[in-house]
**Student:** 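One structure coming up, written as structure tokens, with questions to follow.
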Amino acid sequence: MKHSFRFYVQLAFTLLVCAFLIVPIVLSMLAGITDNFFVGLSSGFTLRWVGQVWDTYQLTIWRSIAIALACLVVTTIAGVPLAYMLARYQGGNSRLARAIEELLMMPVAVPGLATALALIMAYGQYREFRSSALFILVGHVLFTLPFMVRPVLAVMQSSQLSVLEEAAASLGAGLGQRFFGVVIPNVFSGILAGALMVVTLSIGEFNITWMLHTPLTMTLPVGLADSYASMRLEVGSAYTLIFFLMIIPLLIAMQWVTHTTQSRVRL
Amino acid sequence: MKTASAAGRQIYLLFAAPGLTLFLAFWLLPMLRLVEVGASGPSGAAAYLAVLTNHHYFMSLLSTLLLSAAVTVATLLIASLVGLFLQRNRFPGKAILLSMLTFPLAFPGVVVGFMVIMLAGRQGLIGVVSNWLFRDAWVFAYSLGGLFLGYLYFSIPRVILTVMAAAEKLDPALEEAARSLGANPLRIFTDVVMPALSPALISSGAICFATSVGAFGTAFTLATNIDVLPMAIYNEFTSYANFSMAAALSIVLGAVTWLVLAVARSWSGSAAGAAA
């Protein structure tokens with residue numbers, strides 16, 4: 001294929017932007033396994049820094065995974081039925097449904113700092129709750145709930161769901177039977193897309209978590225901030241490397257799911 | 001369901017109950033409490049005006065807004081060029097290029113801050129290269145310049161995706177028609193492509209602006225003394241234990257972002273806030 005001069009100029013610009021986004025990632029991954037980054041790669045490679053991060057911050061990693069999974073459970077249990085209501089209540093086009101959708105987006109639109117301060121002011125006096133990981137879970141659920149509701153709602157609206165449901169109803173299926181037997185299996189691609197998004201966002205959430213965490217409830221991103229502030233560049237980099245190794249498979253899965261469901265619905 | 005009775009409709013509300021209860025108990029009520037705390041300081045409800053009357057807060061607000069506006073303009077320019085290019089051309093490796101361009105989408109602000117340090121920090125790439133070229137190490141990660149780079153870093157991937165989605169719906173026949181009528185590429189771009197893309201650009205620009213206004217992690221990683229509003233709030237809360245002022249400033253910050261998204265939505269006529 002022959003391309004014009006303009007094509008190559010645009011390609012060069014695109015590659016430049018790509019380099020801006022990717023080069024720092026590669027640099028930090030390299031720094032995490034370099035013996036002494038100030039000296040350079042010639043100082044040799046080592047897993048010493050990764051080991052040090054594992055010793056220091058292992059707990060934050062497990063805690064983050066636990067919170068992300070708990071967050072997934074809560075947003076699925078609360079979010080999928082909520083999406084169903086938004087899709088069905090008064091034919092899915094009521095003012096109430098639109099108002100709820102709007103409200104749900106608020107914790108995403110409003111800075112996380114404000115949400116976190118509000119939670120602290122309202123519930124900070126309940127010491128047990130304040131000092132547990134549940135407090136952080138609440139913040140994550142608020143932030144991620146719309147990311148479960150929206151793809152599920154999109155699939156509900158775009159598929160033949162209402163026809164299928166009517167068919168099931170005419171055969172005598174009750175609401176519960178329809179919801180678990182027809183709706184859930186049919187919106188599975190939406191739930192999967194939402195689930196990947198929820199887990200990814202929860203693992204990376206910092207803005208809300210930083211204000212909500214206590215020294216005993218540090219999560220992975222909080223640990224990252226801590227290591228950037230107090231550790232050597234190599235340690236921060238090694239920790240970032242671990243973060244990338246956790247998040248990149250999720251991102252690839254997300255792109256794959258979006259790609260395969262795209263023919264059915266744009267998420 | 002055309003035949004649904006009033007009782008049938010009520011049942012659907014039950015499905016919304018768990019989600020709505022969570023939301024009301026942990027977001028709406030705490031937010032109302034925050035509004036109340038904001039007005040409980042020594043200056044009462046006037047605390048909400050402090051962001052305009054107090055020189056320090058006003059300058060924080062101003063630099064936050066100017067920085068976010070600059071980031072938004074730069075992002076829209078870069079992302080439209082790249083997004084349009086990727087949408088319209090086929091070449092080997094395009095899919096990989098696109099996934100690399102959208103990877104940083106889910107990076108938290110702290111990691112983006114660290115990426116900026118890798119680029120423009122004391123041992124950063126830009127410093128090394130500029131030192132080698134001009135004998136002068138450029139280190140600007142720990143200032144507004146670094147923050148600009150960081151906000152650009154997390155904004156570009158979002159906007160590229162929106163531009164590509166909008167460009168996909170663009171009818172090639174329109175451009176064909178313009179070309180056959182003798183319009184040059186620049187003319188086609190300003191008169192045909194841009195108007196068609198503008199709703200997407202307005203809504204993604206608004207999201208980019210709102211995210212930059214509220215971004216905390218990146219500023220926090222780069223330096224605690226960068227003078228943007230989220231850092232001012234953080235310092236009020238932790239360093240001075242001035243809870244009412246922190247609350248008032250948070251409410252103002254939240255109101256600003258919400259307002260930007262609402263205005264953009266009425267302009268673009270599409271769901272701007274819903275794509276954040």
Side-chain angles (χ1 to χ4, degrees), chain A residues 7 10 13-14 17-18 21-25 27-28 37-38 77-79 81-82 84-85 88-91 100 103-115 117-119 121-123 138 141-142 145 150 175 200-201 204-207 221 224-225 228 233 236 240 243 247 251 255 266, chain B residues 1 9 11-13 15-16 18-20 22-23 26-27 29-31 33-34 37 78 81-82 85-86 89 97 99-101 103-104 106-111 114-115 118-119 123 125 153 156-157 165 210 214 216-217 220-221 230 233-234 237 246-247 250-251 253-254 257-258 261 273-274 276:
Chain A
F7 171 86
Q10 285 177 307
F13 183 73
T14 304
V17 174
C18 195
L21 298 176
I22 297 300
V23 167
I25 298 178
L27 276 180
S28 81
F37 193 63
F38 193 72
I77 292 175
L82 183 56
Y84 185 60
M85 176 263 170
R88 281 289 171 273
Y89 185 70
Q90 298 195 347
I100 292 177
L103 272 177
L104 279 184
M105 283 311 292
M106 293 296 277
V108 181
V110 164
L113 209 54
T115 301
L117 283 185
L119 276 171
M121 304 281 182
Y123 296 109
V138 166
V141 167
L142 287 176
L145 189 58
R150 289 188 53 237
L175 191 62
T200 313
L201 287 176
E205 213 300 319
F206 177 78
N207 291 352
L224 281 172
Y228 297 159
L233 188 68
T240 313
F243 172 76
I247 208 99
L251 293 173
Q255 286 181 345
R266 176 161 285 288
Chain B
M1 298 269 142
R9 276 194 242 120
I11 289 180
Y12 288 119
L13 288 181
F15 279 90
L20 281 187
L22 266 176
F23 184 82
F26 293 114
W27 198 81
L29 284 180
M31 268 302 160
R33 173 89 184 111
L34 192 65
V37 172
I78 295 171
L81 283 170
V82 174
F85 171 73
L86 287 175
N89 293 285
L97 197 59
S99 17
M100 290 210 288
L101 282 166
F103 262 162
F107 289 1
V110 270
V111 170
F114 191 63
M115 296 295 109
M118 282 325 246
L119 271 180
Q123 298 173 43
L125 185 68
Y153 192 96
I156 287 174
F216 167 66
F220 183 77
T221 308
I233 295 172
Y234 177 72
F237 187 78
S250 310
I251 292 290
L253 188 68
T257 35
W258 179 79
L261 292 174

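Each chain gets a letter, A, B and so on, in the order the sequences are listed, and its residues count up from 1. Fair warning: this is a prediction, and the values are worked out from it, not measured in the lab.
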**Student:** Return the option, out of L22(B), L125(B), V111(B), with the maximum number of heavy-atom pairs under 4.5 Å with chain A.
**Tutor:**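 When all of L22(B), L125(B), V111(B) are compared, V111(B) has the most.
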**Student:** Measure across G19(B) and L82(A) and return the closest heavy-atom pair with its distance rounded to 0.1 Å.
**Tutor:**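 It is CA-CD2, 4.3 Å.
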**Student:** Can you tell me which of M31(B), R33(B), M115(B), M100(B) forms the most heavy-atom pairs within a distance under 4.5 Å of chain A?
**Tutor:**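 Option with the greatest count: M115(B).
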**Student:** Please identify, among I77(A), I25(A), L201(A), L145(A), the residue contributing the most non-hydrogen atom pairs under 4.5 Å to chain B.
**Tutor:**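 Answer, by heavy-atom pair count under 4.5 Å with chain B: I25(A).
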**Student:** I want to know whether F15(B) and Y89(A) have ring centres closer than 6.0 Å.
**Tutor:**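 Here the rings of Y89(A) and F15(B) have centres that are no less than 6.0 Å from each other.
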**Student:** Can you tell me which of G214(B), P108(B), S250(B) forms the most heavy-atom pairs within a distance under 4.5 Å of chain A?
**Tutor:**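 Max contact count across the listed options: P108(B).
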**Student:** Side chain from CB out, backbone as N, CA, C, O: work out which of these in Q255(A) comes under 4.5 Å of a heavy atom of chain B, or both, or neither.
**Tutor:**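 Only the side chain of Q255(A) comes within 4.5 Å of chain B.
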**Student:** Taking atom CG of L86(B) and atom CD of Q10(A), what is their separation to the nearest 0.5 Å?
**Tutor:**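 So the gap between those two atoms works out to 9.5 Å.
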**Student:** If every non-hydrogen atom of L97(B) is compared with every non-hydrogen atom of T14(A), which pair is closest and at what distance?
**Tutor:**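 It is CD2-CG2, 3.9 Å.
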**Student:** Indicate the atoms forming the closest heavy-atom contact of V110(B) with A225(A), along with that distance.
**Tutor:**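 Here V110(B) and A225(A) meet closest at CG1-CB, 3.7 Å.
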**Student:** Report which part of F7(A) has an atom under 4.5 Å of a heavy atom belonging to chain B: side chain, backbone, both, or neither.
**Tutor:**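 Both parts, heavy atoms under 4.5 Å.
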**Student:** Under a 4.5 Å heavy-atom cut-off, does chain A meet the side chain of P230(B), its backbone, both or neither?
**Tutor:**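 Contact with chain A is through both the backbone and side chain of P230(B).
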**Student:** Between P107(A), G236(A), G79(A), C18(A), which has the largest tally of heavy atom pairs under 4.5 Å with chain B?
**Tutor:**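 Of the candidates given, the most pairs with chain B belong to P107(A).
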**Student:** Is V17(A) in contact with chain B via its backbone, its side chain, both, or neither, using a 4.5 Å heavy-atom distance?
**Tutor:**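 Looking at V17(A), backbone and side chain both touch chain B.
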**Student:** Taking the side chain as everything from C-beta on, heavy atoms only, tell me whether V141(A) gets closer than 4.5 Å to W27(B).
**Tutor:**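 Of all side-chain heavy-atom pairs linking W27(B) with V141(A), none is under 4.5 Å.
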**Student:** What are the two closest heavy atoms between M85(A) and Y12(B), and how far apart are they?
**Tutor:**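 In this case the closest contact between M85(A) and Y12(B) is CG-O, 3.1 Å.
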**Student:** Between A122(A), P24(A), A78(A), which shows the greatest number of heavy-atom pairs under 4.5 Å with chain B?
**Tutor:**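 When all of A122(A), P24(A), A78(A) are compared, P24(A) has the most.
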**Student:** Looking at every non-hydrogen atom in both residues, tell me the closest pair between T257(B) and P111(A) and how far apart they are.
**Tutor:**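 Closest approach of T257(B) to P111(A): OG1-CD, 3.4 Å.
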**Student:** Check whether I251(B) gets within reach of chain A through its side chain, its backbone, both or neither, counting any heavy atom under 4.5 Å.
**Tutor:**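 It is neither, since no heavy atom gets under 4.5 Å.
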**Student:** Please determine, among S99(B), A247(B), P157(B), P18(B), the option with the most heavy-atom pairs under 4.5 Å with chain A.
**Tutor:**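 The residue among S99(B), A247(B), P157(B), P18(B) with the greatest pair count is S99(B).
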**Student:** Against chain B, label L233(A) side chain, backbone, both or neither, depending on which of its atoms sit under 4.5 Å from a heavy atom there.
**Tutor:**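 L233(A) touches chain B through backbone and side-chain heavy atoms alike.
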**Student:** What part of T240(A) is in contact with chain B, defined as an atom under 4.5 angstrom from a non-hydrogen atom: side chain, backbone, both or neither?
**Tutor:**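 It is the side chain, since no backbone atom gets that close.
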**Student:** Non-hydrogen atoms of chain B under 4.5 Å away: do they reach the side chain of L119(A), the backbone, both or neither?
**Tutor:**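 Contact with chain B is through both the backbone and side chain of L119(A).
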**Student:** Between I78(B) and chain A, with a heavy-atom cut-off of 4.5 Å, which part of the residue counts as in contact: side chain, backbone, both or neither?
**Tutor:**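 For I78(B), heavy atoms of backbone and side chain both lie under 4.5 Å from chain A.
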**Student:** Look at Y228(A), F13(A), Y84(A) and state which one has the largest set of heavy-atom pairs under 4.5 Å with chain B.
**Tutor:**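 Winner by heavy-atom pair count: Y228(A).
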**Student:** What are the two closest heavy atoms between A109(A) and L261(B), and how far apart are they?
**Tutor:**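 Closest pair (atom of A109(A), atom of L261(B), distance): CB-CD1, 3.4 Å.
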**Student:** Would a distance-only check, ignoring hydrogens and angles, find a side-chain to backbone donor-acceptor pair under 3.5 Å from Y153(B) to L21(A)?
**Tutor:**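 Judged by distance alone, yes, a pair lies under 3.5 Å.
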**Student:** Using a cut-off of under 4.5 Å on heavy-atom pairs, state which of F107(B), F85(B), F23(B) scores highest against chain A.
**Tutor:**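 Looking at each option in turn, the highest pair count goes to F85(B).
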**Student:** Just wondering, do L117(A) and I233(B) contact through their side chains at under 4.5 Å, heavy atoms?
**Tutor:**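 Yes, close enough: below the 4.5 Å cut-off.
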**Student:** Among Y234(B), F114(B), F237(B), single out the residue with the greatest number of heavy-atom pairs under 4.5 Å to chain A.
**Tutor:**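 Of the options given, most contacts go to F114(B).
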